[in-house]
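Heads up: numbering here begins at 1 and tracks the sequence.
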Amino acid sequence: MIDVSKELKRMAEEFGIPEKDVAVNFRSIVRSGWGDSIFKKDFYSKRGKRIKNENPRSMKRFPTVVKYQCNICKGLFSAVETELDHLDGENSMTDLSHAESFIKTILFTSPDKLQILCKDKKKKVKGKSVIVSFGCHSLLTYSERYNVTFEQARKAKEFINASKDINIVIDLLTQYGVQSIPKTKKDKLSMLKQFMLGD
């Protein structure tokens, strides 16, 4: 039997690549392998629901479309609007010692340990991809990773998303009724965090 962690550590040393970089790459390889697997395709093929197409731009050409139900919010989404979640929980594989358990969790799973969840909705704004709303998959991942409730995860991610653009921060502070907005970015973010997260 191959000791995957041991072999990856050996290769990292022999090739002169930091173990952290090898872990990131290996995680990507395993996830990519699962994404292209016959098992994932089979799981999706058995759970699609054919419904009436309500999109006026395509309904004449495609009267019906296949949608998938999110296991948390119960909304219906196209395949590209969903992600397949492993119910065994968050396994980030932060170092090579987690390699074997990561493979088992991601690749050697069962249908009863999987669920379809909606993913973040994005749109292009000035050439940049901007999150419009958070999907159940990213909220669940955050809540598991940081041991917080689903709603706390939503608020935290909304704050993180808003804090990327100082103009959005200022707009939100104005909406909260702040008359005297702090001058420094750090103080602006600190004030917004108090309003959004109560910290």
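Transitive grouping of hydrophobic side chains (ILVMFWY, heavy atoms separated by less than 4.5 Å) keeps L140 and L87 in distinct clusters. Linking ILVMFWY side-chain heavy atoms closer than 4.5 Å, directly or via other members, places L139 and V132 in two distinct hydrophobic clusters. Both I168 and V178 sit in one connected hydrophobic cluster of ILVMFWY residues. Membership requires side-chain heavy atoms under 4.5 Å apart, directly or through other members.
Atom CD1 of residue I72 and atom SG of residue C118 lie 7.5 Å apart, to the nearest 0.5 angstrom. Expressed to the nearest 0.5 Å, how far CD of E54 lies from NZ of K67 amounts to 9.5 Å. Taken to the nearest 0.5 Å, the CD atom of E13 stands 12.5 Å off from the CD1 atom of I17. A distance of 15.0 Å separates CD1 in I38 from CZ in F43, rounded to the nearest 0.5 Å. The distance from atom CG of N161 to atom OG of S133, rounded to the nearest 0.5 Å, is 10.5 Å. Distance check: T94 OG1 to E19 CD gives 11.5 Å after rounding to the nearest 0.5 Å.
Crowding of K46 atom NZ: a count of heavy atoms from other residues, nucleotides or ligands under 6.0 Å not exceeding 12. Atom CE of M11 has 12 or fewer neighbouring heavy atoms from other residues, nucleotides or ligands inside a 6.0 Å radius. Around atom CD1 of I2, no more than 12 heavy atoms belonging to other residues, nucleotides or ligands sit under 6.0 Å away. Atom CG of N147 has 12 or fewer neighbouring heavy atoms from other residues, nucleotides or ligands inside a 6.0 Å radius. Other residues, nucleotides and ligands contribute over 12 non-hydrogen atoms within 6.0 Å of the CZ atom of F134.
In summary, the side chains of D187 and T184 do present a donor paired with an acceptor at a separation below 3.5 Å, with no hydrogens or angles considered. Using modelled atom types, one finds a donor on one side chain and an acceptor on the other under 3.5 Å when comparing D120 with S138.
In this structure the side chain of R27 reaches within 4.5 angstrom of the side chain of V24, judged on heavy atoms. Between D85 and I116, the closest side-chain pair of non-hydrogen atoms is not below 4.5 Å. Using a 4.5 Å heavy-atom cutoff, the side chains of K104 and L107 are not in contact. Side-chain atoms of L96 and V22, non-hydrogen and from C-beta on, do get closer than 4.5 Å to each other. The shortest distance between side-chain heavy atoms of E81 and S78 falls below 4.5 Å. Within the 4.5 Å cutoff, the side chain of Y176 has heavy atoms near those of the F195 side chain. Between I170 and K188 there is a side-chain heavy-atom pair separated by less than 4.5 Å. With contacts defined as side-chain heavy-atom distances shorter than 4.5 Å, the pair F102/V4 does not qualify.
Ion pairing between R10 and E7 holds under the 4.0 Å rule for side-chain N and carboxylate O.
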Discussion item. As a quick check of understanding, evaluate side-chain contact (heavy atoms from CB on, under 4.5 Å) for K113 and H86, giving each step before the final call.
Written reply: CA-CA 6 Å; K113 293 180 180 178; H86 289 70; over 6 Å; no

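Distance alone, capped at 3.5 Å, places no donor-acceptor pair between the H137 side chain and the L117 backbone. A distance-only check finds a donor-acceptor pair linking the side chain of S37 to the backbone of W34 [under 3.5 Å]. At distances below 3.5 Å, not a single donor-acceptor pair connects side-chain atoms of R154 with backbone N or O atoms of F150. Between the K119 side chain and the V80 main chain, a donor and an acceptor come within less than 3.5 Å of each other. Judged by distance alone, the side chain of T105 and the main-chain N or O of S101 form a donor-acceptor pair under 3.5 Å. Judged by distance alone, the side chain of N53 and the main-chain N or O of V65 form no donor-acceptor pair under 3.5 Å.
Applying the side chain to side chain contact (heavy atoms under 4.5 Å, CB included) test to L189 and every residue at least two apart in sequence or in another chain returns S163, V169, K185. Every residue two or more places apart in sequence or in another chain that forms a side chain to side chain contact (heavy atoms under 4.5 Å, CB included) with K155 is listed here: E151, L197.
Here the closest non-hydrogen pair linking S45 and D42 is OG-O, 2.8 Å. Contact detail for L172 and L192: the closest heavy-atom pair is CB-CD1, 3.7 Å. Nearest heavy atom pair, residue Y44 against residue L84, reads OH-N, 3.8 Å. Of all non-hydrogen atoms in A156 and Y142, the two that sit nearest each other are CB-OH, 3.4 Å. Between M191 and L173, the closest heavy-atom pair is CG-CD2, 3.8 Å. Nearest approach of D36 to K41, heavy atoms of both residues: O-NZ, 3.6 Å.
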